[in-house]
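Here is how names work: the chains are called A, B, and so on, in the same order as the sequence lines, proteins then strands, and each is numbered from 1.
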Amino acid sequence: MTDLKNGSVKQANLNLSRTEIIERSLAKRYRAEKRFRCYGIMAIVFGLMCVALLFTDIISKGYKAFAQTYIQLEVTYDANILGITDLNDPQQVALGDFQGIVKQALKNRFEGVSGRKAKRELYGVISNGAGYRLRDRLVANHQLLNQSETLWLVADDDIDTYYKSMGSDAGPFVGRMSEQRQGWIEQLTEADEVELRFNRNFFVQGDSREPELAGIRGAAMGSLFTLIITILLSFPIGVAAAVYLEEFAPRNRWTDLIEVNINNLAAVPSIIFGLLGLAIFINFFHVPRSVPLVGGLVLTLMTLPTIIISSRAAIKAVPPSIREAAIGVGASPMQVVLHHVLPLAMPGMMTGAIIGMAQALGETAPLLMIGMVAFIVDVPGGFTDPSTVLPVQIFLWADSPERAFMEKTSAAIMVLLAFLIVMNTLAVILRKKMERRW
Amino acid sequence: MTNVPEPLLKRGVTAMDNVQYPDQAVGEPFANDHKMSLRNVNVFYGDKQAIFDVNIDIARNEVIAMIGPSGCGKSTLLRSINRMNDTVEGCVVSGELTLDGEDIYTTKMDPVALRARVGMVFQKPNPFPKTIYDNVAYGPRLHGLASRRAELDEIVETSLTRAGLWNEVKDRLDQPGTGLSGGQQQRLCIARAIAISPEMILMDEPCSSLDPIATAKIEELIAELSQNYTIAIVTHSMQQAARVSHRTAYFHLGHLIEVNETEKVFTAPEHELTEAYITGRFG
């Protein structure tokens, strides 16, 4: 090549042998292939990095929500402060001033606090929920009246946030904490009378305005009930529709129209389904609002197209030779479907159902329209109890001003992800069990 | 009389362009003791006609081979005999098809009951993704042919024995039928078809996906089965037709050209199209 002064590459090529030309192009092709693979690897690395970033962010923000600051106090069940003379009288117990004995205990612990403002600061160190715990203890054990015991009580959310951030590089998060309060915590810390414990409340309580009392159980149960309704309705209806359309329906303009509509429904924004649910289920059928039943109905409408489309694809993938074989030995059309098509299509249908359920679990918008965004303290016990769901709970907490709700939000996201992973794992195991070769 | 249509000319059979289809198949299309009888049968797929005015009898306990070039409609006709074509959208069968004198396309005849009387073996082995036992037991269970487990066991054993598969699989009846070799799978399909004791068995190119040894086994099996069953077999292999069948029917683009004793068809065909086909001038 070098001795060709004015020769073009083309001419040079002419002088090369065939194998040389192929070898040259081969090197070029291999380079192209390497680049092509690189793009793929880069795409995967990018995706994994995003996931890793998401997880580290959520976990680093949220893991502290699984612990809660407790303060040790010596509490006296003083009948005079409580205003209880007879423990068997439920009204007296209900009206008893249990918060009063907490205040008394705090006063005893930090003597010499005077002035209304300082007192209020002091009383706020322990959560409002502590009174309920004391009441429960007293009701369970009547002998405790007028006795003293040393207990670990839930601290207020400001204290909790402050205490958890004490060890951080940026120094503790002060927020609304007064100098005086900080001093008390200092005292308690030195006396080993404050510590972080596992936050059981988070898993057994419903929502609360007080971050230290707020739990995820209400939303988790709401999600569970809603999803049970959704899967119970959408899977059989979706499969039945898919089987009819694929196996029995004649091919004509009507079935074409139905197919186009199903495909369109799958692309409809989910909030529209919320409006539909509001108009039909609540306004027309008078299903109570904010309950898992109506949430499940709305999410059924939303997931149906997904399930129908994937079920149809799964049915289509069953080899026609199996159908012919069954027809050939004299199976009726229904027997062909029940004995052969459905068992073989089931794994594919399950995949569609998993995708639909995952979508339904994470859905917020349609549920806002049917009142599932309400602030509900009680853990729902059934399909007709007012409730909220996990993604709505995340939205509500993210919207709350208290600093402590920030970590709760991240913790709720973790619970939602765990819920999703458990659900998907179950479905995958189920699907694997059903999978058959042909 | 119809002229030979375009497609044949396109295949380069210029020498045949003056050949005309006979109004009636030449040879001996009719039989006295017939199991199945077809009169003026036309089959349409939508607007397209696949079978033109076919008249033929299938005699009791005979093996009739249907041969002809690809797309000549022999499989279509076979599938019309047990109404498998019902499942094909837009397929219409006209004419009279009778099984033991009963018209099979009347409303009185249930297609499910018909298929229990006329079994079918397909081109590609298609065992169910179930155990070998369940594959064979499926039909009897479906039709309630066995009331007790022992009876069912017996049906399975006899069917597999007749299909020449029993000795190979008797120790692994609980293993999937899809795990067998191609030839074994096809014999399993034959066992499945005979488990419901049909009167007639239709075979649609049963050896086209098998190796020569497996093919030989199936052919032996067909010879044995013909003692008890009436068999119609569609095949692409003229040698196979010559080996297994008593009579041979030659189809050409939807027309039945000639039906004769197999030996006669292959040694002294009456119609020139038959002759052209068996001597390999087209196909």
**Request:** May I have the step-by-step check of side chain to side chain contact (heavy atoms under 4.5 Å, CB included) for A:His339 and B:Tyr138, ending in yes or no?
**Result:** CA-CA 10 Å; A:His339 298 169; B:Tyr138 182 70; 2.7 Å; yes
**Message:** To the nearest 0.5 Å, what is the distance between CZ on A:Arg323 and CE on B:Met84?
**Reply:** 11.5 Å
**Message:** Restricting to non-hydrogen atoms, name the atom on A:Ile322 and the atom on B:Pro127 that form the minimum distance, rounded to 0.1 Å.
**Reply:** CD1-O, 3.5 Å
**Asked** For B:Phe122, is it the side chain, the backbone, both or neither that has a heavy atom under 4.5 Å from a heavy atom of chain A?
**Response** side chain
**Request:** Return yes when atom CD of B:Glu154 has more than 12 non-hydrogen atoms of other residues, nucleotides or ligands closer than 6.0 Å, and no otherwise.
**Result:** no
**Backbone N/O of A:Arg251 and side chain of B:Glu89: donor-acceptor pair under 3.5 Å** = yes
**Asked** Which atom names give the shortest non-hydrogen contact between A:Ala325 and B:Asn126, and what distance separates them?
**Response** CB-ND2, 3.3 Å
**Message:** Take a 6.0 Å sphere around CZ of A:Phe285 and say whether it holds more than 12 heavy atoms from other residues, nucleotides or ligands.
**Reply:** no
**Request:** Name the option with the most non-hydrogen atom pairs under 4.5 Å to chain A; the candidates are B:Arg117, B:Arg192, B:Lys124, B:Met120.
**Result:** B:Arg192
**Message:** Using the salt bridge (Lys or Arg N to Asp or Glu O under 4.0 Å) criterion, which residues pair with B:Arg83? Sequence neighbours excluded.
**Reply:** B:Asp86
**Asked** If you count heavy-atom pairs under 4.5 Å between each of B:Asp110, B:Thr87, B:Val112, B:Val118 and chain A, which one has the most?
**Response** B:Val112
**Heavy-atom proximity to chain A below 4.5 Å, by part of B:Arg79** = side chain
